[in-house]
Colleague: 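Can you keep this structure in mind? I'll have questions shortly.
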Amino acid sequence: MEYGLHYKLPIYAGGLGVLAGDYIKAAHDLSLPMVALGILWKQDYTEQFIGEDGRPYDVYPDFQFDNVQDTGVTVQVNVRGENVTCKVHKVEQYGNIPLYLLDTNFPGSKHGWMTRRLYGGEDQDRLAAEVILGVGGVRALRALGINVDIYHMNEGHAVFAGFELIKEKMNKRALSFEDAWAETRKEIVFTTHTPVEAGNEIHRHDLLSFMDAYNGLTYEQVREIGGDPFNMTAGGLSLAHVSNAVSKLHGVTASRMWKNVPRASNIISITNGVHNYTWQDSRIRQAFEQKGDLWKAHMDNKNEFIQFIENKTGSRVNPNALLVGFARRAAPYKRSDLIFRTTEIIEPLLREGKIQLVFSGKAHPKDGIGKDIIQQLVLMDRKYKDSVIFIENYNMEVAHYMIRGCDVWLNNPRRPLEASGTSGMKAAMNGVLNLSVIDGWVGEGLQHGVSGWLINPQNTGNLQEWEQDEGDLRELYHVLLNEVIPTYYNNQELWVEMMRASIDMSRWHFSSHRMIREYYELMYQVTKDIQDGKEEYRYSNVEHAIQNPVEEHGRHMPYQGFYP
């Protein structure tokens, strides 16, 4: 549904889209035979600014996408009893494999509402877009003459692609539904991203039927795939030959969460990674590889970020004081306000300028609780002036400065709700030290006191939310006061040593090049083997790939045009 390739192509909401963008850049770097499909959103997700009352409000400008190419190809899909024409556009100028984007917003179309706003509107708007993505996406591949071995459905939004593939086999090869479904499973792999309930869509069957999402299948057949009510994630799991979670911890959580889906595929773990050449500063990379002055490279980034903050907010940050960053979607489980919850501890540090906190993030336009969270952060900004900063309208440009220019990257979600988390990987590659609870990717790489710090309370049993919050807060303050702050101000040599360890830990193991190698080996090739009548799984080259990162730089010059 979303791809974050560049802030000048605003068709993404957050981490899921940026991950997809990094993925298709890595595929290009490694000359892999792939294409990607998505939607050209006329109004993006939201432009979100802060009102005088401190509360975020949403603006939806119509974007002019002069940077996409019209392929001249159109496809038709049925939505709500009408024949809908979709244009197919192409994007490949950001160092990515070809990305084809479907669009109903063109002169003369009365269906522009279907691809107007990412994750916006009512259930009908969402389903219309998902029919276009899934059914229209398969038809676009046919119209473009692109032959496909494997379809990778990224999240449940693309599940209707499976319906179209089943329908093709029933119509063209006269297969029964069960046989068509079995054959289709040999072509699909699926990624599930979130254990949070709101991130796993559920729809009533009467609405699916009304919107023509059945695509020629019957109620009984669609219920077999995804239940009643229809669960998009369960549908993806039962349409795929193999599925994956996005970190090892998430793999455990997801397997437990979806164990009762009758025909669910096995869920393996492939930890996310980020695109080094997009997110790692070239000066940091050079200083690391040549054993140069990492601190100078970091301070160059920090000063650029400080200037960016001043331009955006008017606040002036002290470059010599500890700067802690936190940028996430505004959701209660991410606990962006956790550090403020014991005023007598945090307030003196802020008043004295001992630490400075910079926040950014968006709330879903309809999420009142998320907007409450942002409003509270803005109130902290106004209370503590230059010691607390909130940067409005979070996007890839803001992220670019934050993950390079902070000293510490704070991450404190409630376990086990952080499936992976990729902003911390980007920070780590730039020598920005993570201070994090052990959830998502963190447990696979971060070493306490070596490449960052872990918030690891002793009591980690089945706790109530308030109990987990209290324990994590105590440990956060303990580590901050006794390890992070003393090291920053009193032991720069150790700090730089930790920066180097952070970069070394993350640059390959949490790269999109490693991630895509594992997708090929553990999912794509396994599924292709089934098509070819080979039943055995093939893992033989995975260890080689992980242990030989030098090969992963590919034959292409990396795309260096993210910023001037």
Side-chain angles (χ1 to χ4, degrees), residues 14-16 18-19 193-196 246-250 253 271-274 279 322-341 346 355-362 370 373-374 377 388 390-391 394 398-399 402-457 460 465 468-469 471-480 483-484 498-499 501-503 505-506 509-510:
L16 181 67
V18 175
L19 177 72
H193 284 269
T194 178
V196 179
V246 291
S247 71
K248 289 181 172 61
L249 284 172
H250 181 224
T253 301
T271 302
N272 285 338
V274 300
W279 297 108
L322 179 66
L323 184 58
V324 178
F326 185 107
R328 305 285 190 284
R329 179 171 56 86
Y333 80 89
K334 292 181 183 285
R335 302 187 298 187
S336 53
D337 66 333
L338 185 67
I339 197 169
F340 294 113
R341 292 188 189 176
I346 194 63
I355 69 168
Q356 303 163 113
L357 302 171
V358 57
F359 294 87
S360 194
K362 288 179 180 176
I373 291 168
I374 289 178
L377 294 177
V388 179
F390 184 85
I391 303 174
Y394 186 53
V398 177
M402 287 191 71
I403 54 93
R404 301 177 186 208
C406 293
D407 298 307
V408 168
W409 197 254
L410 178 60
N411 180 46
N412 46 229
R414 284 194 193 101
R415 291 172 298 270
L417 298 179
E418 186 71 54
S420 175
T422 50
S423 62
M425 300 174 185
K426 297 164 190 167
M429 285 182 182
N430 285 289
V432 174
L433 300 180
N434 278 270
L435 171 58
S436 179
V437 302
I438 304 174
D439 203 10
W441 73 276
V442 173
E444 298 172 39
L446 210 62
Q447 290 179 277
H448 185 83
V450 176
S451 52
W453 294 275
L454 299 172
I455 301 168
N456 185 27
T460 57
E465 283 187 359
Q468 189 179 139
D469 290 356
D472 288 350
L473 182 59
R474 283 195 300 271
E475 184 69 7
L476 168 58
Y477 286 147
H478 176 79
V479 175
L480 184 65
E483 298 189 58
V484 179
M498 291 180 69
M499 288 174 62
S502 173
I503 298 167
M505 171 269 296
S506 59
H509 193 66
F510 297 106

Colleague: Which atom names give the shortest non-hydrogen contact between S360 and F390, and what distance separates them?
Modeller: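 Minimum heavy-atom contact is CA-CE1, 3.9 Å.
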Colleague: Contact between W453 and V484 at the side-chain level, heavy atoms closer than 4.5 Å - yes or no?
Modeller: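 W453 vs V484: side chains touch.
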Colleague: Do R328 and N411 pass the side-chain contact (heavy atoms from CB on, under 4.5 Å) test, and can you show the C-alpha distance, the side-chain angles, and the key distance before you say yes or no?
Modeller: CA-CA 9 Å; R328 305 285 190 284; N411 180 46; 2.8 Å; yes
Colleague: Do side-chain atoms of S506 reach the backbone of S502 as a donor and acceptor pair under 3.5 angstrom?
Modeller: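 Yes.
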Colleague: If you draw the axis of the six-membered ring of Y477, does the NZ or CZ of R474 fall within 45° of it and under 6.0 Å from the ring centre?
Modeller: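 Pair R474/Y477 does not count as cation-pi.
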Colleague: If you look at every heavy atom in V358 and M402, which pair is closest and at what distance?
Modeller: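 Closest approach of V358 to M402: O-CE, 3.7 Å.
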Colleague: Please report the shortest heavy-atom distance between A428 and W441, naming the atom on each side.
Modeller: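 Looks like CB-CH2, 4.5 Å.
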Colleague: Do the non-hydrogen side-chain atoms of D472 and R415 ever get within less than 4.5 Å of each other?
Modeller: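 With C-beta onward as the side chain, the pair touches.
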Colleague: Hey, what do you get for CZ (R329) to CD1 (I374), rounding to the nearest 0.5 Å?
Modeller: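 Answer rounded to 0.5 Å: 11.0 Å.
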Colleague: Would you say the side chain of I346 lies within less than 4.5 Å of the side chain of I355, judging by non-hydrogen atoms?
Modeller: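 The answer is yes; the side chains approach within 4.5 Å.
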Colleague: Of all the heavy-atom pairs spanning N272 and L19, show the shortest one and how long it is.
Modeller: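 Answer, listing the atom of N272 first, then L19: OD1-CD2, 3.4 Å.
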Colleague: If you measure only the distance, is there a donor-acceptor pair under 3.5 Å linking the side chains of E483 and H448?
Modeller: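 Note: E483 and H448 side chains meet the donor-acceptor criterion.
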Colleague: Could you give the distance from OG1 (T194) to NE2 (H250), rounded to the nearest 0.5 Å?
Modeller: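 T194 atom OG1 to H250 atom NE2 measures 6.5 Å (nearest 0.5 Å).
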Colleague: Quick check: closest heavy atoms across A327 and S423, and the distance to 0.1 Å?
Modeller: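 So the minimum-distance heavy-atom pair works out to O-OG, 4.3 Å.
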Colleague: Can you tell if the side chain of V246 reaches within under 4.5 Å of the side chain of T271, non-hydrogen atoms only?
Modeller: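 Not touching, per the 4.5 Å side-chain cut-off.
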Colleague: Yes or no on side-chain contact (heavy atoms from CB on, under 4.5 Å) for W409 and I403, after CA distance, side-chain angles and deciding distance?
Modeller: CA-CA 8 Å; W409 197 254; I403 54 93; 3.8 Å; yes
Colleague: With side chains defined as the heavy atoms from C-beta onward, is the minimum distance between L323 and L357 less than 4.5 Å?
Modeller: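 Side-chain contact under 4.5 Å: no.
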Colleague: To the nearest 0.5 Å, tell me how far L16 CG sits from S420 OG.
Modeller: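 If we round to the nearest 0.5 Å, L16:CG and S420:OG are 11.0 Å apart.
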Colleague: Give the C-alpha distance, both sets of side-chain angles, the deciding distance and a yes or no for side-chain contact (heavy atoms from CB on, under 4.5 Å) between V274 and M429.
Modeller: CA-CA 9 Å; V274 300; M429 285 182 182; 3.5 Å; yes
Colleague: So which atom in V437 and which in N412 form the shortest heavy-atom distance, rounded to 0.1 Å?
Modeller: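 V437 and N412 have their closest heavy atoms at CG1-CA, 3.8 Å.
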Colleague: Would you say that L433 contacts S451 through its side chain, given a criterion of any heavy-atom pair below 4.5 Å between the two side chains?
Modeller: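 Counting from C-beta outward, L433 and S451 never come under 4.5 Å.
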Colleague: Aromatic ring centroids of F359 and F340 under 6.0 Å?
Modeller: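 Aromatic pair counts; centres sit under 6.0 Å.
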Colleague: Between M505 and L446, does a side-chain contact (heavy atoms from CB on, under 4.5 Å) hold up when you go through it step by step?
Modeller: CA-CA 8 Å; M505 171 269 296; L446 210 62; 3.7 Å; yes
Colleague: What is the distance from atom CD1 of I339 to atom CG of L473, rounded to the nearest 0.5 Å?
Modeller: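 Here the rounded value is 8.5 Å.
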Colleague: Identify the residue among R335, R341, K334 that makes a salt bridge (charged side-chain N to carboxylate O under 4.0 Å, His left out) with D337.
Modeller: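 Testing each of R335, R341, K334 against D337, the sole residue satisfying salt bridge (charged side-chain N to carboxylate O under 4.0 Å, His left out) is R341.
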Colleague: To the nearest 0.5 angstrom, please state how far the CG atom of L377 sits from the CD1 atom of I391.
Modeller: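 Here the rounded value is 12.0 Å.
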Colleague: Under the 3.5 angstrom rule, does the side chain of E444 hit a backbone N or O of K248 as a donor-acceptor pair?
Modeller: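 Yes; at least one donor-acceptor contact below 3.5 Å.
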Colleague: Is any side-chain heavy atom of R414 closer than 4.5 Å to a side-chain heavy atom of D469?
Modeller: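 They are in contact (side-chain heavy atoms under 4.5 Å apart), so the answer is yes.
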Colleague: When rounded to the nearest 0.5 angstrom, what is the spacing between CG in L476 and CG in L410?
Modeller: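 Rounded to the nearest 0.5 Å, the CG-CG separation comes out at 6.0 Å.
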Colleague: Within the structure provided, determine whether N434 and M425 are in side-chain contact (heavy-atom separation under 4.5 Å).
Modeller: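 Heavy-atom side-chain distance check fails, nothing below 4.5 Å.
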